[in-house]
Amino acid sequence: MIIVLRRSLLVLSASIMVACGGPADPPATPAPAGKPVDAATARPITGTVTFTGTPPAAEPLRMASDPACAAAAGPNPRSNAALVAADGAVRNAFVYIKDGLDPAYAFPAPAEPVVLDQTACTYTPRVLGIRVNQPLLLSNSDPTFHNVHALPATNREFNHGLSPGIPPMRHTFTRPEVMVRFKCDVHGWMQAWVGVTAHPFFAVTGADGAFTLAGVPPGTYTVEAWHEVLGTRTAQVTVGSDDVAPLALSLDGA
Amino acid sequence: VLATLVLVAAGGMVTSTNSGLSVPDWPTTYGHQMFSFPLSGMVGGIFYEHGHRLIATVVGMLTIGLVLFLGLAEPRPWVRRLGWLALGAVILQGLLGGLTVLYLLPDAISISHAGLAQIFFALTLTVALVTSATWRRPPAPPVDDDRLRRRLLALTLVVYAQILLGATMRHTGAGLAIPDFPLAYGHVLPPFWNAAVAIHFAHRLGALAVALLATVVVWNVRRHHGDRGELVRPALVLLVAVAVQITLGAFVVLTAKHEVVNTLHVATGSIVLGASLLLTLRAFRLRFDRPVTREA
C-alpha cells in the first residue's frame with residue numbers, strides 16, 4: 001500500500017514538475033574556451049564605495065522565536081544590512097565588472113569552494129561573490145535548525161534544510177546572476193546575497209569601503225557597486241598601459 | 001469540525017508568518033519522522049510549519065476514525081460516502097501540502113491547498129450536521145422556501161469564490177497591492193491596474209457581494225422564518241461573522257498584514273462559509289432523505 005502510494009506520489013510529482021516547469025536546472029553555461037589574460041598587461045582596478053547622506057538606522061532584530069539565536073546574538077541585536085562608517089565607507093558592497101569584458105577571454109571556474117556559513121543566526125558573510133560552476137558550501141555552525149533558501153531569477157531556486165551538526169551542503173550556480181538573495185524561512189531576519197559572475201573581477205568591500213579587482217586586462221569596462229539597501233552606482237573605467245586611478249563610487253540610496 | 005477549524009487557522013499562520021518553506025523536506029521534517037522531530041527544534045518558522053503538519057496528521061486520524069464510525073453506525077449510504085469523500089479530501093490535502101513545500105510554493109498548488117482546506121471543512125461540517133439528532137428528527141417540519149434556498153445556495157457559492165480569491169491574493173503576494181482602505185490609492189476605483197491590484201480589488205468587491213447577499217438572507221430568515229431557531233441562530237452567526245470578517249480584512253491592510261490579524265481573517269472566512277453552508281443545508285432539508293418523524 002505504502003509503495004503504491006509512493007509511486008503515485010512520484011508520478012503526481014513528475015506531472016506537476018512538468019506542468020510547473022520546474023525545478024529542472026537551467027542549461028549550464030558552456031565550459032569556457034578562449035584566450036587567457038596576459039598578466040603582463042593586466043592592471044588592478046581599485047577604489048572605495050561610500051554613501052552620501054544619512055544612512056538608515058539599523059533595525060532591531062526580534063530573535064525571541066528561537067532561544068538559541070537570542071542567546072548567541074546577545075542583548076539588543078540589530079540588523080547588519082547597512083553598515084556605513086562615520087566617514088561614509090560602505091561595507092558589504094559587491095563591486096564587479098558588469099560589462100565590457102572581451103568574450104574571447106577564458107576564465108575557468110576555481111575548484112576551491114566558497115563557504116556561506118550560519119553563525120549566531122546570521123549568514124557569514126552576508127555578501128559574497130562566486131564564479132559560475134564554482135562550488136558553494138552551505139554550512140551551519142549554529143546549535144539550531146536553519147533552512148537555506150535561494151531565490152535566484154535565472155538560476156534554479158532551491159531550499160535545503162541544515163540541521164545542527166550536519167555536514168555542509170554543496171551547490172553550484174550555472175549562470176551569472178547579480179545578485180542572488182538567500183533567506184532562512186525559520187529565522188525571518190536572516191538574509192545573504194551572492195553575486196554569481198562568469199569572471200573573477202569582483203570584490204566585496206570591507207569596513208573601509210575599499211575594493212580591488214585584480215588582474216583586469218586592457219579594455220573599457222562598466223564597473224558597478226551594488227548594495228542591498230543603499231542602491232547601485234556604475235562607472236566607466238579604461239584599463240590601459242598605466243595604472244588605473246582609484247574609483248570613488250558614491251551610493252545615494254537610489 | 002473544531003479540529004479542522006484549528007487546522008485552517010494553523011495553515012493561515014504558516015502563510016502569514018512566511019514559514020511555508022522553513023521545513024524544506026516532506027513528509028519528513030529535517031530528516032525526522034513526523035512525531036520524532038524534537039520539541040526543542042520547534043523554533044521560528046518550524047514551530048508553525050511542523051505544528052501545522054502535526055495538527056493535520058491528527059485531523060487525518062480523526063477523519064479515519066470518522067469513516068470507521070460511519071461504517072459501523074451510519075445506515076445512510078450517502079452519509080457514509082460523505083465520510084469517504086472527506087477522507088479522500090484530507091489525503092489529497094496532505095499531498096498538496098507536501099508538494100507545495102517540495103516545489104517551493106508554486107501559486108497553483110498553494111491556492112489549491114487553501115481551496116481544498118475549505119472543502120474539507122465543509123465536508124466535516126456537513127457530516128456533523130446530517131448525523132445530528134435534530135437533522136434526523138427535526139422538532140418541527142423543515143422549512144420549505146424556494147426563494148431562501150436559491151439565495152442561500154448563491155451565498156455559499158459566492159462565499160467560497162471569495163475565499164478562493166482571498167487565497168489567490170495571499171499566495172500571489174497581492175495582499176497590499178492596494179495599501180489603503182476603504183479607498184484605493186485615495187480613489188473609489190484604483191487609478192491604475194495590474195494583476196495584483198485587480199485581484200485585490202476583486203476581493204474587495206467580493207466582500208461587498210457577500211455582505212449584501214448575507215444581509216438579504218438574514219433579512220429573509222428574520223422576516224419569514226423568525227420563529228425557526230435552527231435558521232435564526234446560524235443567520236445571526238453569519239451576520240456577525242461577515243461584519244467581523246470585513247473589519248479584519250480592513251485591518252489586514254491597515255496593519256500591513258499583521259500575522260495574527262491575517263490568520264484571524266482566514267479563520268473567520270471559514271466561519272462565514274460554515275454558517276452559510278449550515279443555513280443552506282437546513283433550507284434544503286426536505287430534499288434530503290425524509291425526516292425520521294415522518295417515516296413513523
Side-chain angles (χ1 to χ4, degrees), chain A residues 1-2 5-6 8-24 61-72 118 121 138 140 142-152 156-166 169 182-191, chain B residues 13-33 36-52 60 64 87-88 91-113 171 173 257-259:
Chain A
M1 177 69 180
I2 290 172
L5 190 64
R6 281 188 178 171
S8 306
L9 181 57
L10 281 174
V11 171
L12 186 61
S13 301
S15 309
I16 289 172
M17 192 190 301
V18 171
C20 297
L61 301 180
R62 291 183 296 169
M63 294 184 167
S65 62
D66 190 336
C69 297
Q118 292 157 105
C121 298
L138 305 162
N140 178 11
D142 281 331
T144 190
F145 293 87
H146 289 294
N147 73 301
V148 182
H149 183 188
L151 297 148
R156 178 173 62 84
E157 182 179 356
F158 66 86
N159 185 24
H160 295 315
L162 289 176
S163 305
I166 199 172
M169 299 187 103
F182 279 63
K183 69 169 183 170
C184 173
D185 299 283
V186 181
H187 310 102
W189 62 85
M190 288 179 64
Q191 280 202 93
Chain B
M13 207 61 192
V14 169
T15 312
S16 301
T17 57
N18 293 315
S19 303
L21 292 178
S22 59
V23 180
D25 49 338
W26 182 88
T28 50
T29 294
Y30 285 88
H32 295 264
Q33 297 303 319
S36 67
F37 185 72
L39 279 178
S40 60
M42 296 275 284
V43 295
I46 299 174
F47 175 80
Y48 299 109
E49 171 61 20
H50 187 65
H52 181 51
I64 292 171
L87 183 60
I91 290 171
L92 182 59
Q93 180 70 345
L95 292 177
L96 285 176
L99 288 173
T100 203
V101 165
L102 296 179
Y103 290 96
L104 308 172
L105 308 182
D107 292 342
I109 299 181
S110 297
I111 293 165
S112 303
H113 187 59
H171 291 285
K257 296 200 295 185
H258 187 282
E259 54 207 38

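A, B, ... follow the sequence lines: proteins, then strands. Residue 1 opens every chain. These figures come from a predicted structure and were not determined experimentally.
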In this structure, NE2 of H146(A) is separated from CD1 of I46(B) (nearest 0.5 Å) by 9.0 Å
Residue from G31(B), P24(B), G41(B) scoring the most non-hydrogen pairs under 4.5 Å with chain A is P24(B)
Whatever's closer than 4.5 Å to a heavy atom in chain B on H149(A) counts as side chain
Looking only at S19(B), S40(B), G98(B), S22(B), most heavy-atom pairs under 4.5 Å shared with chain A are made by S22(B)
Listed by number, the residues in residues 62-69 of chain A that come under 4.5 Å of chain B (heavy atom to heavy atom) are S65(A), D66(A), P67(A)
Only one of L102(B), V23(B), L104(B) passes side-chain contact (heavy atoms from CB on, under 4.5 Å) with N159(A), and that residue is L104(B)
Residue from V148(A), L162(A), N147(A), T144(A) scoring the most non-hydrogen pairs under 4.5 Å with chain B is N147(A)
Residues passing the ring-ring contact (aromatic ring centres under 6.0 Å, His included) test with H50(B), sequence neighbours excluded, are F37(B)
task = Could you walk me through whether F145(A) and T29(B) pass the side-chain contact (heavy atoms from CB on, under 4.5 Å) test, one step at a time?
result = CA-CA 11 Å; F145(A) 293 87; T29(B) 294; over 6 Å; no
Value for CG (L105(B)) from CG (D185(A)), rounded to nearest 0.5 Å, stands at 8.0 Å
Output for pair (Y103(B) OH, E157(A) CD), nearest 0.5 Å, gives 13.5 Å
More than 12 heavy atoms from other groups under 6.0 Å of CZ on F47(B):
no
